[in-house]
Amino acid sequence: MRYWLIKSEPDVYGIDDLARDKTTPWTGVRNYQARNFMRDQMKPGDQAFYYHSNCETPGIVGIAEVSKPAYPDATQFDRKSKYYDEKSAPDNPRWLHVDFRFVKKTPLVSLDELRKHKALAKMRVLARGNRLSITPVDPDEWQYILGLMKK
DNA sequence: GCCAACGTTGGC
DNA sequence: GCCAACGTTGGC
């Protein structure tokens with residue numbers, strides 16, 4: 001089982017939306033690295049920190065769990081979707097995604113807070129200029145952050 | 001709203 | 001296969 005961090009903008013689809021929907025297809029990822037993580041490494045049961053980006057206080061706000069392994073993203077074939085990709089062939093879909101299930105909301109662990117801890121210094125999400133919306137989290141980092149939430 | 005950093009595209 | 005131009009991300 002692996003740990004992840006997934007980013008989402010609260011104005012687009014935040015933790016409260018996931019809490020309401022219970023599960024959601026993680027569609028719209030159009031980055032090969034992020035796709036490969038979902039396609040090649042994510043398994044049902046994997047846990048992910050839910051991170052709010054592009055908002056007043058960016059940071060981790062909850063936990064989600066992979067509920068369905070990767071399958072083709074329907075939005076790539078939908079001409080009306082902003083995620084439509086004319087270069088993707090139905091018999092060889094370019095974009096895949098997993099489903100996530102809501103686990104729980106957590107106390108906010110802000111980006112500022114994450115940066116304060118040496119144990120987390122290597123986290124991909126903290127790297128300068130990082131834009132990847134799905135990043136792996138080490139088990140040690142996962143446990144450490146859970147610890148921060150208990151304080 | 002600005003802008004640095006990054007991924008992708010396309011001309012050559 | 002290089003690399004300039006472009007579009008997007010996301011913190012501030």
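Below, read A as the first sequence line, B as the second, and so on, with proteins coming before strands; counting in each chain starts at 1.
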Protein-to-nucleotide contact annotation, 5' to 3' order, nucleotides 1-8 of chain C [B base; S sugar-phosphate only; - none; under 4.0 Å, heavy atom]: ------BB

Distance-minimising heavy-atom pair for Pro72(A) and His97(A): O-NE2, 3.9 Å

Contact nearer the 5' end of DNA chain B, comparing Asn54(A) with Arg30(A): Asn54(A)

For the student: nearest non-hydrogen atoms of Gly28(A) and Asp73(A), plus distance: N-OD2, 2.8 Å

Within 45° cone and under 6.0 Å: Lys80(A) NZ/CZ vs Tyr84(A) ring: no

Salt-bridge criterion met for Asp85(A) and Arg30(A) (N-O under 4.0 Å): no

Tyr32(A): ring-ring contact (aromatic ring centres under 6.0 Å, His included) partners, not counting sequence neighbours: Trp95(A)

Aromatic ring pairing Trp142(A)/Tyr3(A), orientation class (parallel under 30°, perpendicular over 60°, tilted between): parallel

Asp46(A) side, atom CG; Phe100(A) side, atom CZ - distance, nearest 0.5 Å: 8.5 Å

Lys/Arg N to Asp/Glu carboxylate O, Asp40(A) vs Arg35(A), below 4.0 Å: no

Distance in angstrom units between Ile134(A) CD1 and dT9(C) P, rounded: 13 Å

Euclidean distance, atom CD of residue Glu86(A) to atom P of dT9(B) [Å, nearest integer]: 11 Å

Output one line per pair: protein atom, nucleotide atom from nucleotides 10-12 of chain B, and distance, for all N/O pairs under 3.5 Å.
none

